[in-house]
*Asks:* 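Quick one: this structure, given as structure tokens, is what I'll be asking you about.
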Amino acid sequence: MQPQEGDAPGLVALRHAVQAFIDNVQIAARMPGEQMWRDAGWQPMHWECHSEADARNLLAESKAGVLITGSSDVDEPADRTLWPVAREIGVETHVMIDHPANLGRRFSGRDGEQLLPDWIYAPDDVFAQRLVAAGLPQERIRIVGDLHH
């Protein structure tokens, strides 16, 4: 996972973080993102559960040191269920986000509390500004370029 010419700074940072834990990187995804990760050469874990117990079991079985997820939409809390459990057991979380709909709510729990991963990866500066405007901390946002390329 060497840096490639033209990589955005956030992608370089992601490559560096992943390299440090390369044997322990796990991706939790569901369709259509799951297939996109497979097409890119990764083997994501299928994840659709919503309970804290399920999240604990998945992370314990995976032995993840770093967890990469999407951000789900507001009616799909599966990814948000993983982040606090991962933090509690010392697993660093990285979230890829590729669509600007409902940005603030994608990082909110059932009671409206903010649920944050360690790092949020956005395609560009405009998208990053939208995340900040939605109440997300700028220091957790990294720019990676178009996630589908």
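This chain uses plain numbering: 1 for the first residue, then up along the sequence.
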*Asks:* R56 and side chain to side chain contact (heavy atoms under 4.5 Å, CB included): which single residue from L82, T81, V85 fits?
*Replies:* V85
*Asks:* Taking all atoms of both residues into account, what is the closest heavy-atom pair of S71 and R80, and its distance?
*Replies:* O-NH1, 3.5 Å
*Asks:* Closest approach of W119 and E139, non-hydrogen atoms and distance?
*Replies:* CZ3-O, 3.2 Å
*Asks:* State, with a plain yes or no, whether a side-chain heavy atom of P117 is found less than 4.5 Å away from one of T69.
*Replies:* no
*Asks:* How close do V91 and A64 get, counting heavy atoms only, and between which atoms?
*Replies:* CG2-O, 3.2 Å
*Asks:* To the nearest 0.5 Å, what is the distance between CD1 (I120) and CD (Q138)?
*Replies:* 11.5 Å
*Asks:* Has the side chain of D118 got a donor or acceptor atom that lies under 3.5 Å from a matching backbone atom of T93?
*Replies:* yes
*Asks:* Looking at R142 and H94, what are the two nearest heavy atoms and their distance?
*Replies:* NH1-CE1, 4.4 Å
*Asks:* Would you say F127 and L103 make side-chain contact, with heavy atoms under 4.5 Å?
*Replies:* yes
*Asks:* Please indicate whether R140 has more than 12 foreign heavy atoms, meaning atoms of other residues, nucleotides or ligands, lying under 6.0 Å from its CZ.
*Replies:* yes
*Asks:* Among L131, L115, D79, which one satisfies side chain to side chain contact (heavy atoms under 4.5 Å, CB included) with F107?
*Replies:* L131
*Asks:* Give a yes or no on whether the backbone of E113 and the side-chain of D111 come within a donor-acceptor separation of less than 3.5 Å.
*Replies:* no
*Asks:* Would you give the length of the straight line joining atom CD of Q129 to atom CD1 of I141, rounded to the nearest 0.5 angstrom?
*Replies:* 10.0 Å
*Asks:* Does any part of the side chain of Q114, heavy atoms only, come nearer than 4.5 Å to the side chain of L136, both counted from C-beta?
*Replies:* yes
*Asks:* A122 and A128: which non-hydrogen atoms are nearest, and at how many Å?
*Replies:* CB-N, 4.2 Å
